[in-house]
Engineer: 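This is the structure I want to talk about, given as structure tokens.
As a basis for the values below, the full set of heavy atoms in this structure was taken, side chains included, without hydrogen atoms, waters or symmetry mates. Naming: A, B, ... by sequence-line order, numbering from 1 per chain.
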Amino acid sequence: MPELAEVEFYRKRWALAATGDTVERVLTHDTKKLLRHLDLPHFRRALTGSTLLSSSTAAKQMAFRFSGDAWLGIHLGMSGELSVFPADHVPRKHDHLVLITTRHALVFNDPRMFGRVDFDVGAEPPPWWGKIARPILSPAFSFEAVATFLARRARAPIKAVLLMQEQFPGIGNWMADEVLWRAAIHPARRAGTLRPKEVRALWRECRHVCRLALAAIAGRGDTLPPDLNVGIPPSWLFLHRWQPGGTCPRSRRPLAHATIGGRTTCWSPARQKLK
DNA sequence: AGACATGTTGCTCA
DNA sequence: ATGAGCAACATGTC
């Protein structure tokens with residue numbers, strides 16, 4: 001599920017509940033997949049008794065900083081989510097990591113187990129953190145950078161290109177479709193065939209969708225919507241893409257679905273032409 | 001039963 | 001070397 005804004009939603013869920021709290025116990029379940037990068041004894045020892053100081057999100061990754069220079073990295077994969085329960089929470093089937101603090105249980109649940117947990121100790125953020133591409137909502141995400149990237153990926157369908165995290169960090173399947181729909185670009189167009197005007201629209205809509213999605217899904221300041229997708233306006237493609245017989249909220253014409261760039265893709269044929 | 005799922009990686013081929 | 005395409009990962013749901 002989680003793309004840029006959902007990841008931020010889940011990070012805030014833990015952060016708002018437990019920043020300043022101290023970890024009393026660390027519970028783990030599956031250790032071969034999600035926790036495969038961890039030295040478990042070291043992980044437990046380092047985290048137990050440490051305090052959650054701060055956290056941040058970069059693209060689809062989260063980093064939780066604990067006292068003792070301890071950094072907990074989480075990637076939610078396809079089906080991961082973070083939630084908060086009372087401290088007496090009994091781990092469920094796919095609760096792979098549970099941090100028990102004085103007041104809460106911070107739970108990382110992931111049925112499909114495509115997620116990942118990292119743990120590093122150091123005064124600075126871990127090396128992998130620095131390798132994440134600069135945010136789409138930063139000056140580094142320039143029109144020129146996008147145009148150059150598209151030129152290099154000229155033969156790939158634009159849908160596939162939008163999913164490449166090295167240039168579009170945090171964009172996932174639904175955000176890519178949302179961007180292309182707003183920019184009126186057919187997802188199967190080869191990246192190298194976009195006209196400069198279309199590249200500019202793509203660049204603009206990437207930023208626009210990131211901003212809208214963060215505001216709607218992850219809330220503002222210290223607020224958090226009660227649930228994912230609760231504040232998403234029906235003017236977005238998002239709310240119509242999976243509905244049987246769904247229609248384009250702008251043209252009112254039927255939506256189309258196909259596998260493009262290896263992923264299920266939804267678009268509005270009335271707005272997005274192949275040409 | 002079978003298709004399919006909001007992600008990433010590692011392999012093959014050109 | 002670089003880019004494109006696709007299977008694989010593991011499990012749940014419709």
Engineer: Can you tell me how far P of B:dT9 sits from CH2 of A:W128, to the nearest Å?
Structural biologist: 13 Å

Engineer: A:M113 side chain: which of B:dG7, C:dA10, B:dA5 is closest?
Structural biologist: C:dA10

Engineer: Does B:dC13 have a Watson-Crick or wobble mate here (both distances under 3.5 Å), and if so which one?
Structural biologist: C:dG3

Engineer: Examine C:dG12: is either OP1 or OP2 under 4.0 Å from a nitrogen or oxygen in the side chain of A:H94? Give yes or no.
Structural biologist: yes

Engineer: Tell me the interatomic distance from A:E81, atom CD, to B:dA5, atom C1', rounded to whole angstroms.
Structural biologist: 15 Å

Engineer: Report yes if a side-chain nitrogen or oxygen of A:K60 is closer than 4.0 Å to either non-bridging phosphate oxygen (OP1 or OP2) of B:dG7; otherwise report no.
Structural biologist: yes

Engineer: Is the ring pair A:H96/A:H94 parallel, tilted or perpendicular, if the boundaries are 30 and 60 degrees?
Structural biologist: tilted

Engineer: Under a single-linkage definition using a 4.5 Å side-chain heavy-atom cutoff for Ile, Leu, Val, Met, Phe, Trp and Tyr, are A:M175 and A:I132 assigned to the same hydrophobic cluster?
Structural biologist: no

Engineer: Do A:E178 and A:R241 sit within salt-bridge range, that is, some charged N less than 4.0 Å from a carboxylate O?
Structural biologist: no

Engineer: Kindly state which residues belonging to residues 253-274 of chain A come within less than 4.0 angstrom of DNA chain B, counting heavy atoms of the residue only, listed by number.
Structural biologist: A:R263, A:T264

Engineer: Just say parallel, tilted or perpendicular for the rings of A:F119 and A:F43, cut-offs at 30° and 60°.
Structural biologist: perpendicular

Engineer: Let's see if you get this right: which residues in residues 163-187 of chain A place a heavy atom under 4.0 Å from DNA chain B?
Structural biologist: A:Q165, A:G172, A:N173, A:W174

Engineer: I need the CZ-P distance between A:R112 and B:dT8, as an integer number of Å.
Structural biologist: 12 Å

Engineer: Please give, in whole Å, the distance from B:dG7 P to A:L34 CG?
Structural biologist: 16 Å

Engineer: Under 4.0 Å between a Lys/Arg side-chain N and an Asp/Glu carboxylate O for A:K93 and A:D95?
Structural biologist: no

Engineer: With respect to the phosphate group of C:dT11, does any side-chain polar atom (N or O) of A:K33 fall under 4.0 Å of OP1 or OP2?
Structural biologist: no

Engineer: Which nucleotide wins on minimum distance to the side chain of A:P111, given the candidates C:dG12, B:dA5, B:dG7?
Structural biologist: C:dG12

Engineer: Does a nitrogen or oxygen in the side chain of A:R152 sit under 4.0 Å from OP1 or OP2 of C:dG3?
Structural biologist: yes

Engineer: For atom P, what is the distance between C:dA10 and B:dC11, given to the nearest Å?
Structural biologist: 16 Å

Engineer: What nucleic acid atoms does A:K93 come within less than 4.0 Å of, heavy atoms only: base, sugar-phosphate, or nothing?
Structural biologist: sugar-phosphate

Engineer: Among A:L47, A:T51, A:T22, which residue satisfies the side chain to side chain contact (heavy atoms under 4.5 Å, CB included) criterion with A:F66?
Structural biologist: A:L47

Engineer: Let's test your reading of the model: under 3.5 Å, does the base of C:dA4 pair with the side chain of A:R153 as donor and acceptor?
Structural biologist: no

Engineer: What's the CG-P distance between A:L35 and C:dA10, to the nearest Å?
Structural biologist: 14 Å

Engineer: Which word best sums up how the rings of A:F64 and A:W14 line up, parallel for under 30°, tilted for 30 to 60°, or perpendicular for over 60°?
Structural biologist: tilted

Engineer: Distance check needed: B:dT8 P versus A:L76 CG, whole Å only.
Structural biologist: 10 Å

Engineer: Looking at A:H75, does any N or O in its side chain come under 4.0 Å of the phosphate oxygens OP1/OP2 on B:dT8?
Structural biologist: yes

Engineer: In a check of side chain to side chain contact (heavy atoms under 4.5 Å, CB included) between A:P226 and each of A:L228, A:L224, A:V230, which one passes?
Structural biologist: A:V230

Engineer: Whole angstroms only, please: what is the CZ-C1' distance between A:R92 and C:dT11?
Structural biologist: 15 Å

Engineer: Could you state the CZ-P distance from A:F114 to B:dA5, rounded to the nearest angstrom?
Structural biologist: 13 Å

